[in-house]
A.B. asks: 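The structure under discussion is supplied below as structure tokens; questions concerning it will follow.
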Amino acid sequence: MKSVEPKVFLVGETRLVEGGLQAYLEHVGAPAWKSDAPSDSELLCEVMGRLCYRSFEPGLNPNVTRVREGNAPYLANILNVGHGSVLEHGVLNFIFADVSRVVTHELVRHRTGTAISQESLRFVRLDSLSAYVPIHIRESEAGMEIFTRTFEQLEEIQKDLARLYEIDEAKDFSEKKKLTSAFRRMAPIGVATTIGWSCNFRTLRHVIEMRTDPHAEEEIRLLFGKVFHLAKERYPNLFADYEEEVVDGLPWIKTPHGKV
């Protein structure tokens, strides 16, 4: 058995089509408008917010005599007033590796604004088992002995079944698939796997707040603490309102604005 921790890979993100944006700005009457947004995603959220009020510059909307300048102040106000719908336009694509099926079973409950693709243990045979070891288990020598022994036994069962059914000698892939599907039923829910998870920024903020809360499950708290740190570094203006507190050795990410 191999002990692992959740790993976060950002593999995709929204890319702005500059020509299309410039054409729209010319259409609306603000061809010279520029933003200091540090990323395309933050720029897109700003544009979608400004178009709601035609607030690219004073005078485009006769009701607007002043506009808030700068991407950071603009998005800070969006977060403060809770105008979260404009955050749904930017999308992120993550791969979470070495996460247990404990985590993935909880993650798939968040369906709004997401797309999910999970490693299939019907096709991927388990010839070895990896797992995240929870803190309470790690802190106990006896607990670690039981945990490790159990995983090693379950790992050996996978190998015994492979030998018994001579799966490596099978020529028909459909037969291998049936056998692999049968073997996985004897794998623990704590086995490490991989999942692709895409979401918009409004959903990401919601899930970070929900899944780093001290009442959330330990491993998913660790995972979304890592997600938060990655997201805040790359998209600082969309996560500038968050505060971080460490509870039970794990991050708790929260905002005074509440859910946005």
A.B. asks: What closest approach, in Å, do P58 and T65 show between heavy atoms, and which atom pair accounts for it?
C.D. replies: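 So the minimum-distance heavy-atom pair works out to CB-O, 3.6 Å.
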A.B. asks: For a 4.5 angstrom cut-off between non-hydrogen side-chain atoms, does P38 reach P236?
C.D. replies: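 Yes, their side chains come closer than 4.5 Å.
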A.B. asks: How close do G143 and I137 get, counting heavy atoms only, and between which atoms?
C.D. replies: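 So the minimum-distance heavy-atom pair works out to O-CG2, 3.6 Å.
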A.B. asks: Taking salt bridge (charged side-chain N to carboxylate O under 4.0 Å, His left out) as the test, write out the residues that go with D98, two or more places apart.
C.D. replies: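 D98 satisfies salt bridge (charged side-chain N to carboxylate O under 4.0 Å, His left out) with K7 only.
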A.B. asks: Given D168, which partner from the list K159, R125, R163 fulfils the salt bridge (Lys or Arg N to Asp or Glu O under 4.0 Å) test?
C.D. replies: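 Going through K159, R125, R163 one by one, the salt bridge (Lys or Arg N to Asp or Glu O under 4.0 Å) with D168 is satisfied by R125 alone.
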A.B. asks: Quick one: CG on L79 to CG on L75, what's the gap to the nearest 0.5 Å?
C.D. replies: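 Answer for the CG-CG pair, L79 versus L75, is 6.5 Å.
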A.B. asks: Does a side-chain heavy-atom distance below 4.5 Å link K176 with D172?
C.D. replies: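 No; the side chains remain at least 4.5 Å from each other.
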A.B. asks: A side-chain contact here means heavy atoms from C-beta on lying under 4.5 Å apart; do I167 and F183 qualify?
C.D. replies: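 Result yes, sub-4.5 Å side-chain heavy-atom pair found.
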A.B. asks: How about Y24: does its OH atom have over 12 heavy atoms from other parts shown lying under 6.0 Å from it?
C.D. replies: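 Correct, the count exceeds 12.
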A.B. asks: When you group the ILVMFWY residues by side-chain heavy-atom contacts below 4.5 Å and let the links chain together, are F201 and V86 in the same group?
C.D. replies: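 Linked, V86 and F201 end up in one cluster.
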A.B. asks: So, taking the atom named CG in L223 and the one named CZ in R211, what distance separates them when rounded to the nearest 0.5 Å?
C.D. replies: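 Going from the CG atom of L223 to the CZ atom of R211 covers 10.5 Å.
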A.B. asks: NZ of K178: more than 12 outside heavy atoms within 6.0 angstrom?
C.D. replies: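 No, the 6.0 Å shell around NZ holds no more than 12 heavy atoms from other groups.
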A.B. asks: Report yes if some heavy atom in the side chain of S128 is under 4.5 Å from a heavy atom in the side chain of Q158; otherwise report no.
C.D. replies: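 They are not in contact (no side-chain heavy atoms under 4.5 Å apart), so the answer is no.
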A.B. asks: Going by heavy atoms in the side chains, are T150 and E152 under 4.5 Å from each other?
C.D. replies: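 When only atoms from C-beta onward are counted, E152 and T150 do not touch, as no gap falls below 4.5 Å.
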A.B. asks: Over all heavy atoms of both residues, which pair between E155 and D127 is shortest? Give the atoms and the distance, please.
C.D. replies: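 Closest approach of E155 to D127: CG-O, 4.2 Å.
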A.B. asks: So, T14 and D40: side-chain donor and acceptor under 3.5 Å apart, yes or no?
C.D. replies: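 Absent: no donor and acceptor within the cut-off.
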A.B. asks: Does any N or O in the side chain of E13 come within less than 3.5 Å of the main-chain N or O of V91, such that one atom is a donor and the other an acceptor?
C.D. replies: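 Absent.
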A.B. asks: Show, in sequence, the C-alpha distance, side-chain angles and deciding distance for V133 and M1, and conclude whether the side-chain contact (heavy atoms from CB on, under 4.5 Å) test is met.
C.D. replies: CA-CA 11 Å; V133 183; M1 180 209 120; 3.9 Å; yes
A.B. asks: Take R101 and L121 through the test side-chain contact (heavy atoms from CB on, under 4.5 Å) and record every step on the way to the result.
C.D. replies: CA-CA 11 Å; R101 293 209 159 208; L121 297 188; 3.4 Å; yes
A.B. asks: Working to the nearest 0.5 angstrom, can you tell me the gap between E166 CD and L179 CG?
C.D. replies: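 The CD atom of E166 sits 10.5 Å away from the CG atom of L179.
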A.B. asks: Would you say Q118 and T104 are linked by a side-chain donor-acceptor pair, where the criterion is simply a distance under 3.5 Å?
C.D. replies: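 Result is yes, a qualifying pair exists.
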A.B. asks: Can a side-chain donor-acceptor contact be found between S100 and E219 if the only test is distance below 3.5 angstrom?
C.D. replies: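 Yes, a side-chain donor-acceptor pair sits under 3.5 Å.
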A.B. asks: Verify whether one side chain among N237 and N71 offers a donor that lies under 3.5 Å from an acceptor in the other.
C.D. replies: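 N71 and N237 do have a side-chain donor-acceptor pair below 3.5 Å.
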A.B. asks: Return the set of residues passing salt bridge (charged side-chain N to carboxylate O under 4.0 Å, His left out) with D248 (not counting sequence neighbours), or none when no residue passes.
C.D. replies: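 None.
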A.B. asks: Which pairs count as ring-ring contact (aromatic ring centres under 6.0 Å, His included) when at least one residue sits in residues 111-151, sequence neighbours excluded?
C.D. replies: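 Of all non-adjacent pairs touching residues 111-151, those that pass ring-ring contact (aromatic ring centres under 6.0 Å, His included) are F147-F151.
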A.B. asks: Determine yes or no for a side-chain-to-main-chain donor-acceptor pair under 3.5 angstrom, with T212 supplying the side chain and I253 the backbone.
C.D. replies: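 Looks like yes, one N/O pair under 3.5 Å.
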A.B. asks: Looking at OG of S39 and CG of L44, how far apart are the two atoms once the value is rounded to the nearest 0.5 Å?
C.D. replies: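 One gets 9.5 Å once the value is rounded to the nearest 0.5 Å.
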A.B. asks: Got a donor-acceptor contact below 3.5 angstrom from the S181 side chain to the K177 backbone?
C.D. replies: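 Checking the backbone N and O of K177 against the side chain of S181, no donor-acceptor pair under 3.5 Å is found.
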A.B. asks: Is R205 paired with D241 through a side-chain N to carboxylate O contact shorter than 4.0 Å?
C.D. replies: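 Salt bridge flag = yes for R205 with D241.
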A.B. asks: Hydrophobic clusters here meaning ILVMFWY residues chained together by side-chain heavy-atom distances under 4.5 Å, can you tell me if V103 and L10 are in one?
C.D. replies: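 Same cluster: V103 reaches L10 through Ile, Leu, Val, Met, Phe, Trp or Tyr contacts under 4.5 Å.
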A.B. asks: Could you label the plane-to-plane angle of the H206 and H110 rings as parallel, tilted or perpendicular, counting under 30° as parallel and over 60° as perpendicular?
C.D. replies: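 Answer is perpendicular, since the angle exceeds 60°.
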A.B. asks: Linking I/L/V/M/F/W/Y whenever any side-chain heavy atoms sit under 4.5 Å apart, do V64 and V47 land together?
C.D. replies: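 No: no chain of side-chain contacts under 4.5 Å links V64 to V47.
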A.B. asks: Minimum heavy-atom separation for P251 to G225, with atom names?
C.D. replies: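 Closest heavy-atom pair between P251 and G225: CG-CA, 3.6 Å.
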A.B. asks: From the options L92, V8, V207, select the one residue that forms a side chain to side chain contact (heavy atoms under 4.5 Å, CB included) with W197.
C.D. replies: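 Testing W197 for a side chain to side chain contact (heavy atoms under 4.5 Å, CB included) against L92, V8, V207 leaves exactly one candidate, V207.
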A.B. asks: Any salt bridge linking E209 with K254? Criterion: basic side-chain nitrogen under 4.0 Å from a carboxylate oxygen.
C.D. replies: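 Here E209 does not pair with K254 in a salt bridge, since their nearest N and O are not under 4.0 Å apart.
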A.B. asks: Any donor and acceptor pair, going by atom type alone, linking the side chain of T114 with main-chain N or O of R111 inside 3.5 Å?
C.D. replies: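 Checking the backbone N and O of R111 against the side chain of T114, a donor-acceptor pair under 3.5 Å is found.
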A.B. asks: Are I208 and L204 close enough that some pair of their side-chain heavy atoms sits under 4.5 Å apart?
C.D. replies: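 I208 vs L204: side chains touch.
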A.B. asks: If hydrophobic clusters are built by linking Ile, Leu, Val, Met, Phe, Trp and Tyr wherever their side-chain heavy atoms come under 4.5 Å apart, do L250 and V4 end up in the same one?
C.D. replies: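 Shared cluster, no.
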A.B. asks: Quick one: do R221 and E217 make a salt bridge, cutoff under 4.0 Å?
C.D. replies: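 No, no charged N to carboxylate O under 4.0 Å.
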A.B. asks: Can you find a pair of side-chain heavy atoms, one from L129 and one from L154, that are under 4.5 Å apart?
C.D. replies: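 Of all side-chain heavy-atom pairs linking L154 with L129, at least one is under 4.5 Å.
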A.B. asks: Please test E244 against H229 for side-chain contact (heavy atoms from CB on, under 4.5 Å), starting from the C-alpha separation and ending with a verdict.
C.D. replies: CA-CA 10 Å; E244 181 174 359; H229 290 136; 2.9 Å; yes
A.B. asks: May I ask you to check whether over 12 heavy atoms, not counting those of E233, lie within 6.0 Å of atom CD?
C.D. replies: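 Check fails, neighbour count at 12 or below.
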A.B. asks: Would you name the heavy atoms of L87 and C45 that are closest together and state the gap between them?
C.D. replies: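 In terms of heavy atoms, the two residues are closest at CA-SG, 3.9 Å.
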A.B. asks: State plainly whether one hydrophobic cluster holds both Y74 and L238, where clusters connect Ile, Leu, Val, Met, Phe, Trp and Tyr through side-chain heavy atoms under 4.5 angstrom apart.
C.D. replies: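 Linked, Y74 and L238 end up in one cluster.
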A.B. asks: Distance from W252 atom CH2 to H215 atom NE2, nearest 0.5 Å?
C.D. replies: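 Between atom CH2 of W252 and atom NE2 of H215 there are 8.5 Å.
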A.B. asks: Which distance, rounded to the nearest 0.5 Å, do you find between the OH of Y235 and the CD of E42?
C.D. replies: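 Here the rounded value is 8.0 Å.
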A.B. asks: Main chain of Y53, side chain of N61: is a donor-acceptor contact present, judged purely on distance under 3.5 Å?
C.D. replies: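 Checking the backbone N and O of Y53 against the side chain of N61, a donor-acceptor pair under 3.5 Å is found.
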A.B. asks: Can you tell me if R184 has over 12 outside heavy atoms packed within less than 6.0 Å of its CZ?
C.D. replies: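 It does: R184 CZ has more than 12 such atoms within range.
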A.B. asks: Does the gap between the ring centers of F9 and F94 come in under 6.0 Å?
C.D. replies: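 Not under 6.0 Å, so no.
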A.B. asks: Please find the pair of heavy atoms, one from R68 and one from R50, that lie closest to each other, and give the distance.
C.D. replies: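 The pair with the smallest heavy-atom distance is O-NH2, 2.5 Å.
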A.B. asks: Verify side-chain contact (heavy atoms from CB on, under 4.5 Å) between W33 and V28, making sure each step is shown before the conclusion.
C.D. replies: CA-CA 11 Å; W33 182 81; V28 80; over 6 Å; no
A.B. asks: Taking the six-membered ring for Trp, are the ring centroids of F96 and F224 within less than 6.0 Å of each other?
C.D. replies: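 Here the rings of F224 and F96 have centres that are less than 6.0 Å from each other.
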